[in-house]
4 protein chains.
Amino acid sequence: MRVRDDKKQVALYRATIKLVNEIGFEASSVSKIAREAEVSPATLYIYFKNKQDLIISTYIDIKKNMSQAILDDLDETKPVRDVLQQVWRNMFTYVSTNKEDFRFTEQFSNSPYHASVNKQELEKHFEPIVRVIRRGIEHKIIKNVSFSILTAFMFHPIMVLANPNLCSDFELNNESIEASFQLAWDAIRL
Amino acid sequence: MRVRDDKKQVALYRATIKLVNEIGFEASSVSKIAREAEVSPATLYIYFKNKQDLIISTYIDIKKNMSQAILDDLDETKPVRDVLQQVWRNMFTYVSTNKEDFRFTEQFSNSPYHASVNKQELEKHFEPIVRVIRRGIEHKIIKNVSFSILTAFMFHPIMVLANPNLCSDFELNNESIEASFQLAWDAIRL
Amino acid sequence: MRVRDDKKQVALYRATIKLVNEIGFEASSVSKIAREAEVSPATLYIYFKNKQDLIISTYIDIKKNMSQAILDDLDETKPVRDVLQQVWRNMFTYVSTNKEDFRFTEQFSNSPYHASVNKQELEKHFEPIVRVIRRGIEHKIIKNVSFSILTAFMFHPIMVLANPNLCSDFELNNESIEASFQLAWDAIRL
Amino acid sequence: MRVRDDKKQVALYRATIKLVNEIGFEASSVSKIAREAEVSPATLYIYFKNKQDLIISTYIDIKKNMSQAILDDLDETKPVRDVLQQVWRNMFTYVSTNKEDFRFTEQFSNSPYHASVNKQELEKHFEPIVRVIRRGIEHKIIKNVSFSILTAFMFHPIMVLANPNLCSDFELNNESIEASFQLAWDAIRL
DNA sequence: GATGAATGAGTGTTCATTCAT
DNA sequence: CATGAATGAACACTCATTCAT
């Protein structure tokens with residue numbers, strides 16, 4: 001019996017990300033993805049139930065890697081501001097070294113596939129961030145407003161700034177990262 | 001492409017928005033859009049060059065209406081903070097009274113069609129906002145950082161907060177709007 | 001506007017019958033049927049909702065023609081035996097001049113499509129036969145057993161005899177038709 | 001095609017019969033049959049040359065069991081009518097205790113596979129019935145018409161009556177079996 | 001002997017677009 | 001102007017079968 005080849009699964013993830021970024025979900029047909037990954041379209045269906053499963057699995061795979069990279073070296077005993085700054089830096093590092101993956105998640109979030117993802121499962125991976133923000137609120141360091149508002153100002157601007165499609169004039173460097181973190185921090189702090 | 005019946009053109013815009021919101025770009029075929037607008041698929045090609053033209057035109061149409069609504073009653077002689085607060089309020093008003101249109105632009109921004117839009121042309125409509133921010137920087141009221149950073153914190157959180165897909169727990173009311181504006185202002189002010 | 005071409009619908013019926021007879025339902029793909037009818041597969045979907053609709057419509061079309069041919073010149077005032085004999089003759093005439101159509105209905109009856117047909121609607125067309133048999137029972141000319149049994153002996157043997165697949169040694173001619181009718185009549189009469 | 005494990009062969013027969021009855025030939029794919037039989041698709045090809053071989057073998061297997069059951073306790077020295085009545089009873093017994101197998105043969109007879117079966121080989125198993133009918137003709141008990149006609153009236157109605165698909169109102173019990181045999185006998189006797 | 005992996009060829013169906021009226 | 005008819009090309013997916021172990 002032939003044995004399952006992990007390389008094929010990874011190749012399919014990469015092909016999916018590449019094509020979706022280049023031509024969008026609409027045009028990324030199963031056969032194009034398979035061709036890009038250098039497998040038969042039929043083989044794809046050994047690794048994934050269907051197109052939706054392929055795309056959602058790709059998303060979840062990215063998200064897991066992402067949360068690991070962002071939370072890896074976090075020292076939660078440090079002051080709230082320092083922890084968030086570290087997250088901020090990690091995010092930019094991750095985004096700038098994994099632009100393709102990041103861009104894919106951006107597209108995914110606004111696609112109809114997004115509705116089919118178990119968000120709670122995914123958010124679990126980002127729990128440490130929730131904890132530190134909660135600590136900030138308790139210690140009267142961070143504004144006591146709803147969580148949605150805080151993350152909208154704390155993290156979503158990263159997505160925009162890191163997306164060259166939207167911010168062609170933002171240069172990703174240490175200086176600009178620190179400068180923009182200052183805005184984020186000013187927004188949420190008391 | 002000979003244009004005549006304005007009602008048909010508008011019907012096609014509405015049908016496009018409705019279907020894209022309901023089933024996404026991928027599933028919104030020309031014939032479905034035509035059926036929804038109660039015209040023949042062939043008629044659609046009288047008003048628009050092709051599917052891409054239809055979708056981009058729909059987007060531009062929304063954006064024009066949007067800028068008008070947001071900038072309509074702006075009094076640029078008022079203090080910087082007041083002007084921006086007015087813009088902030090107008091945006092939320094527009095979004096909450098034109099949820100469908102707004103949701104379409106969200107989807108559009110993350111679709112491959114977005115690359116084909118002449119952004120400068122569109123940004124022209126938002127010129128007054130640029131002016132007031134520039135004034136804020138000159139008067140040392142607003143942080144002197146790149147324009148991208150400022151708008152990322154000033155306006156992009158609105159998109160997130162107003163998108164129930166992303167912020168299911170954010171309630172759109174006067175109080176929450178003012179509270180979130182406070183964060184936006186704190187982010188950018190000196 | 002182009003106008004719908006009745007010839008195409010008929011060509012699709014003929015192609016379906018021909019192919020199903022030759023290679024069976026399984027192998028009669030939509031594209032093969034379309035090629036045989038000399039239309040595009042996509043065109044087929046203008047005339048029929050899907051493959052099932054095409055096949056069931058073909059069946060119903062045949063059945064209607066069939067009932068008309070069989071019951072056309074029936075004189076219900078004649079003696080029971082004479083009426084049934086006329087039906088018997090008509091059936092053989094129909095079968096021998098429409099072998100393809102008949103063979104199709106045979107295949108159809110044993111396919112899964114059969115379950116999706118409104119049988120009552122179809123049986124209505126054969127009502128005159130029901131009437132004459134009922135008369136025969138009332139007048140003590142025909143055995144008083146269930147309708148199923150009577151038709152199983154009266155009409156089903158025709159299907160067998162007329163199917164050269166099953167009865168390669170049965171020759172369809174006036175003599176053999178009359179001879180076999182004698183068996184049918186002996187079976188059901190008192 | 002190396003044969004070994006009889007259990008697997010039988011499991012494949014049963015799986016084929018079950019699936020074909022449930023979803024038809026068209027939908028009964030090799031992999032579904034293999035899954036139902038709890039073997040790998042590749043294993044199936046050890047026992048059978050290909051799909052057609054599997055299906056035809058299944059048919060022949062059933063037919064052999066069937067002929068055995070029908071002819072098992074036949075006493076050819078008895079009067080013609082009694083022998084045929086016994087066959088008639090045996091058939092109904094077989095059909096009602098092996099509904100699945102019977103239903104499969106019904107479907108098979110109207111499929112294109114039927115053309116590929118060596119019928120002479122199969123008919124050999126039913127030779128005793130041929131003998132008794134021939135005897136009936138010689139003794140002027142049975143009508144002297146072609147063999148096809150006789151069997152069409154003698155045996156084919158059984159298939160119809162026993163097929164609940166075609167005769168939903170026929171109840172299989174001793175009384176109805178004897179009553180319907182009377183029709184069969186009246187049809188063929190002189 | 002037995003198997004899951006692998007695939008080219010095919011399935012039914014829909015697509016964006018053009019044609020003929 | 002407006003339209004339903006028409007279609008080649010593509011879609012997501014499954015098929016019967018073979019391969020490699």
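Lettering of chains follows the sequences in order, A, B, ..., and the numbering in each one begins at 1.
In this structure, Ile33(A) places its CD1 atom 10 Å from P of dC11(F), rounding to the nearest Å. In this structure, Leu19(D) atom CG and dA16(F) atom P are separated by 11 Å, rounded to whole Å. Look at CG on Asp53(C): it is 14 Å from P on dG12(E), rounded to the nearest Å. The distance from atom CG of Asn50(C) to atom P of dT11(E) is 16 Å, rounded to the nearest whole Å. Between the CZ atom of Phe48(B) and the P atom of dT18(E) there is a distance of 16 Å, rounded to whole Å. Rounded to a whole Å, the CG atom of Asp5(A) is 6 Å from the P atom of dA6(E). Phe25(B) has its CZ atom 13 Å from the P atom of dA16(E), to the nearest Å. What separates NZ of Lys49(A) from C1' of dA12(F) is a distance of 15 Å, to the nearest Å.
In this structure, Ser31(B) does not reach the dT14(E) phosphate: none of its side-chain N or O atoms is under 4.0 Å from OP1 or OP2. For dA2(E), one of the phosphate oxygens OP1 or OP2 lies less than 4.0 angstrom from a side-chain nitrogen or oxygen of Tyr47(D). Residue Lys8(C) has no polar side-chain atom (N or O) positioned under 4.0 Å from OP1 or OP2 of dA5(F). In terms of phosphate contacts, Lys32(C) brings no side-chain nitrogen or oxygen within less than 4.0 Å of OP1 or OP2 of dG12(E). Taking side-chain N and O atoms only, Ser29(C) has a distance below 4.0 Å to OP1 or OP2 of dG12(E). Phosphate proximity of dA6(F) to Arg2(C): absent, as no side-chain N or O sits under 4.0 Å from OP1 or OP2. In terms of phosphate contacts, Lys51(B) brings no side-chain nitrogen or oxygen within less than 4.0 Å of OP1 or OP2 of dC15(E). Distances shown here put every side-chain N or O of Ser40(C) at or beyond 4.0 Å from the OP1 or OP2 atom of dA6(F).
Nucleic acid contact for Val30(A): sugar-phosphate only, since backbone atoms but no base atoms lie under 4.0 Å from a heavy atom of the residue.
Across all strands shown, dT3(E) is found opposite dA20(F) as a Watson-Crick or G-U wobble partner, with both distances under 3.5 Å.
Here the nucleotide nearest the side chain of Ala42(A), chosen from dT7(E), dT17(E), dG12(E), is dT7(E). Here the side chain of Val39(B) is nearest to one of dA12(F), dT3(F), dA2(E), namely dT3(F).
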- [ ] Could you check Val117(A) against Phe108(A) for side chain to side chain contact (heavy atoms under 4.5 Å, CB included), going step by step and ending with a plain yes or no?
- [x] CA-CA 10 Å; Val117(A) 175; Phe108(A) 184 91; 3.5 Å; yes
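Between Ser116(A) and Gln52(A), the closest side-chain pair of non-hydrogen atoms falls below 4.5 Å. Residues Leu54(C) and Tyr47(C) fail the side-chain proximity criterion, which asks for heavy atoms closer than 4.5 Å. Taking 4.5 Å as the limit, every side-chain heavy atom of Phe48(A) sits out of range of all side-chain heavy atoms of Ile55(A).
Checked options Ile17(C), Ile62(C), Thr58(C); the residue passing with Thr105(C) is Ile62(C) (criterion: side chain to side chain contact (heavy atoms under 4.5 Å, CB included)).
Between Arg14(A) and Asp101(A) there is a salt bridge, since a side-chain N of the basic residue sits under 4.0 Å from a carboxylate O of the acidic one.
Heavy-atom distances to DNA chain E give each of Ile46(A) and Ser28(C) a nearest nucleotide, and the one nearer the 5′ end belongs to Ile46(A). Between Ala27(D) and Leu44(C), the one whose closest nucleotide on DNA chain F sits nearer the 5' end is Leu44(C). Along DNA chain F, the nucleotide nearest Glu26(D) and the nucleotide nearest Pro41(C) are compared for position; the residue whose nucleotide lies closer to the 5' end is Pro41(C).
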